[in-house]
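Notes follow the structure.
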Amino acid sequence: MKIQAPPTSQEDLLMRAHRLAGLCLADVASELKVNVPHNFKRHKGWSGQLIECYLGATAGSKPEQDFVELGIELKTLPLSYALRPLETTYVCYAPLRHMMGVTWETSNVRNKLQKVLWIPIQGERDIPPGERIIGSPILWQPSAKQSLLMQQDWEELMDMISLGQVESITARIGQVLQLRPKAADGSALTEAIGNNGSTILTRPRGFYLRKEFTQSVLDGAF
DNA sequence: AGCTGATCATAC
DNA sequence: GTATGATCAGCT
């Protein structure tokens, strides 16, 4: 895969992102010399990593923004024919223990979502990955209202985790954020707080943004 | 049909 | 296992 130099500024990043608009994923893949999968069953993160690479993000699994120097997180967003989000958006791993002292202000969720460069991409399953068209980038910062909604959900979910109720959290909790399993498979286990402060083993979880919320991001951009 | 819970690939 | 990139697919 061809390696791209990292963007030197927000303007540089936006300029590169705008160059992607109107291209299909196969165009970008060919420029970077990578193969295009026939479907995403075994290549679920392919689009995101392709765009990351094109925009010069440092490939890594560190719990921080894609462009730390610019304070910007990159997210691709699969859209339906009606231009609505087809999937929830993964934000980050959820701490299930040792989270005392962590507040919304210092949380990984807030840090990552302070400024996001959204790259919309056609996501209907009947469109082969390579033929999917990339849309215009949206540089977004949460409004006061959006930020408050996220904070409320984060605090509710973190309270439950702190109180040893992680096992009773379902994806139905939260207005805009939700907590769902995030692991390779059902055999993955991690330590969490259980009843009476005991330590239990449970499936790792991650924070996700609901589709209705990312829709509000798209709406605000037009 | 859409959502929730499960799953896939990769780096370290 | 932790954490990134996400989408899949069974069930309601």
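Side chains are part of it too, since the values below use all heavy atoms of this structure and drop only hydrogens, waters and symmetry mates. Below, read A as the first sequence line, B as the second, and so on, with proteins coming before strands; counting in each chain starts at 1.
Between the side chain of Tyr208(A) and the base of dA6(C), a donor-acceptor pair under 3.5 Å is found. Side chain Lys182(A) to base dT4(C): a donor-acceptor pair is found below 3.5 Å.
dC8(C) atom C1' lies 8 Å from atom NZ of Lys41(A), rounded to whole Å. Whole-Å rounding puts the Glu124(A) CD to dG2(B) P distance at 10 Å. As rounded to whole Å, 18 Å separates atom P of dC3(B) from atom CG of Leu179(A). What separates CZ of Arg180(A) from C1' of dG2(B) is a distance of 12 Å, to the nearest Å. Straight-line distance from the CG atom of Leu25(A) to the C1' atom of dA6(C): 13 Å, rounded to whole Å. Remark: P of dT7(C) and CG of Leu50(A) are 13 Å apart, rounded to the nearest angstrom. In this structure, NZ of Lys211(A) is placed 17 Å from P of dA6(C), rounded to the nearest angstrom.
For the pair Glu167(A) and Arg205(A), the salt-bridge criterion is met [side-chain N within less than 4.0 Å of a carboxylate O].
Side-chain contact, Lys115(A) with Gln10(A): a donor N or O sits under 3.5 Å from an acceptor N or O. A donor and an acceptor atom, one from each side chain of Ser198(A) and Asn196(A), are nowhere located under 3.5 Å apart. Side-chain contact check for Ser147(A) and Arg110(A): no donor-acceptor pair (N or O, by modelled atom type) lies under 3.5 Å. At a cut-off of 3.5 Å, with distance as the only test, a side-chain donor of Gln152(A) or Gln175(A) sits close to an acceptor on the other residue.
Nearest-nucleotide mapping onto DNA chain C: of Ala94(A) and Arg132(A), the residue sitting toward the 5' end is Ala94(A). Comparing Arg125(A) and Ala183(A), the nucleotide of DNA chain B nearest to each residue sits closer to the 5' end for Arg125(A).
Put simply, the residue from Gln151(A), Met150(A), Gln146(A) that forms a side chain to side chain contact (heavy atoms under 4.5 Å, CB included) with Val176(A) is Met150(A).
Nearest nucleotide to the Glu212(A) side chain, out of dG1(C), dC3(B), dA6(B): dC3(B).
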(request) Run the numbers on Leu70(A) and Leu13(A) for side-chain contact (heavy atoms from CB on, under 4.5 Å), then give the verdict. (result) CA-CA 9 Å; Leu70(A) 307 180; Leu13(A) 174 59; 4.1 Å; yes

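In the helix from dA1(B)-dT12(C) to dC12(B)-dG1(C), the terminal helix axes, each the rotation mapping four pairs' C1' atoms onto the next four within five end pairs, subtend 30°, rounded to 10°.
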